[in-house]
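Scroll down for the structure; my scribbles are underneath it.
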Amino acid sequence: MPPRGATMLRDYLKLHFIVLLWGFTAILGKLLTVPPVELVFWRTLLAAVGLAVLLLARRQPWRIPARQAVQLLAVGTLVAAHWITFFLAARLSSVSVCLAGLATLALWTSLLEPLLLRRRVRGYEVGLGLITMVGLYLVSQAEFDQLLGLGVAVVSAGISALFSVLNAQLVKQHPPLRLTFYEMGGACMSIALFFPLYSHYFTRGQGLQLGWHGYDWLWLSLLAGACTVYAFSTSVELMKRISPFAVNLTINLEPVYGIGLAVLVFGREERMATGFYLGTLLIVFSVLIHPLVARRLKDRPPTPTPI
């Protein structure tokens with residue numbers, strides 16, 4: 001049996017590797033030729049199949065009452081909306097701008113939690129939210145030509161925050177793997193139901209583009225298998241041994257890893273003006289400092305939603 005210190009080190013390295021995978025999702029979305037709506041359909045379908053295999057392999061029950069199943073499937077539509085807008089933002093701008101906008105998740109959560117859970121407004125969250133807004137202003141001024149993509153990314157972060165607030169309640173009632181299986185299934189089904197309307201009004205006469213081209217099979221396999229099924233199931237396992245605070249703090253590094261990877265993969269295309277990096281630094285600072293302040297004041301920080 002390995003020493004406890006070696007086991008903890010291995011667990012933390014695994015956690016950082018998972019966050020690295022989540023930071024890689026925007027890059028995969030940029031590499032794929034499949035349009036965002038069809039892309040998310042394939043991702044959720046493949047992820048649901050993978051999670052079903054995991055449930056069967058671990059002999060975990062998957063059947064739940066019909067009312068609860070409908071509730072989880074409905075929440076899955078938020079997953080679909082979040083991922084579609086996320087990949088759309090990466091296509092409209094750059095991976096770096098997309099991830100900078102997505103880093104506003106903590107700000108959105110601080111606004112939605114008091115409204116939906118009827119808890120008190122926390123003063124320090126308002127202050128950190130103002131820092132985030134200054135960061136967003138610097139990013140938008142530095143990359144004005146990518147403002148549409150930044151706006152879509154901020155909307156995507158808002159949808160993700162709504163999903164995470166709802167999920168924080170649902171995870172108390174369902175095991176995480178089963179919960180995610182139904183939500184992935186709900187996301188996939190909602191997109192399938194949306195296909196007729198989408199094909200008629202939003203594809204400019206080209207219809208659905210579900211076919212894979214070139215290396216799409218590889219990127220989709222990585223997206224659904226490594227970045228969704230593997231990363232999620234492993235993160236659930238690590239949460240049994242690593243404190244929620246440490247997990248939350250590490251997940252908040254996702255935009256940092258993602259922007260760094262984007263520069264490595266796309267090179268000059270992802271190099272931004274100085275104002276962009278100053279703004280992103282402010283946003284990431286507000287995200288990283290939040291759980292530290294919350295812990296000091298004995299508040300439970302909101303659980304970030306991995307991409």
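Along the sequence shown, residues are numbered consecutively beginning with 1. Being a predicted model, the structure only gives us computed values, none of them experimental.
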Out of curiosity, [X] [atom1] to [Y] [atom2], how far, rounded to the nearest 0.5 Å?
X	Y	atom1	atom2	answer
L51	L56	CG	CG	11.0 Å
L73	E183	CG	CD	9.0 Å
I259	I27	CD1	CD1	10.5 Å
W217	L222	CH2	CG	8.5 Å
L223	T44	CG	OG1	10.0 Å
L170	L72	CG	CG	5.5 Å

* Donor-acceptor contact below 3.5 Å, side chain S160 vs main chain A157 -> no

* **Main-chain N/O of P35 paired to Q209 side chain as donor or acceptor, under 3.5 Å** =>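 No, because the side chain of Q209 does not come within donor-acceptor range (under 3.5 Å) of the backbone of P35.
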
Considering only heavy atoms from C-beta outward, does the side chain of [X] approach that of [Y] to under 4.5 Å?
X	Y	result
L28	R43	no
L21	Y230	yes
F266	L31	yes
W108	V154	yes

For [X] versus [Y], what's the shortest heavy-atom pair and its separation?
X	Y	value
S96	A262	OG-CB, 4.1 Å
R178	P61	CD-O, 3.3 Å
G185	A48	N-CB, 4.2 Å
C98	A153	O-CB, 3.4 Å
A26	V95	CB-CG1, 3.7 Å
T25	F87	O-CE2, 3.4 Å

Quick check: is [Y] connected to [X] through a chain of hydrophobic side chains (ILVMFWY, heavy atoms under 4.5 Å apart)?
X	Y	answer
V53	L177	no
L150	W83	yes
L197	L39	yes
V155	V152	no
L220	I191	yes

* **Counterpart residues, salt bridge (Lys or Arg N to Asp or Glu O under 4.0 Å), relative to D216 (two or more places apart)** =>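 Salt bridge (Lys or Arg N to Asp or Glu O under 4.0 Å) list for D216, sorted by chain: empty.
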
* To do: List the steps, then state whether side-chain contact (heavy atoms from CB on, under 4.5 Å) holds for L32 with R91.
  => CA-CA 10 Å; L32 279 155; R91 302 277 178 94; 4.0 Å; yes

* Structure fact -> So ring-ring contact (aromatic ring centres under 6.0 Å, His included) across residues 168-192, not counting sequence neighbours, yields none

* Structure fact -> Contacts satisfying ring-ring contact (aromatic ring centres under 6.0 Å, His included) that involve residues 27-48 (not counting sequence neighbours) are F41-F195, W42-W212

* Asked: Quick one: side chain to side chain contact (heavy atoms under 4.5 Å, CB included) partners of S156, sequence neighbours excluded?
  ->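 Listed in chain order: H82, T85, F86, L102.
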
* May I ask you to list the residues sharing a hydrophobic cluster with L193, side-chain cutoff 4.5 Å, ordered by chain and number? =>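 Members alongside L193: none; it stands by itself.
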
* **Residue pairs involving residues 190-203 (criterion side chain to side chain donor-acceptor pair (under 3.5 Å); sequence neighbours excluded)** => E38-Y198

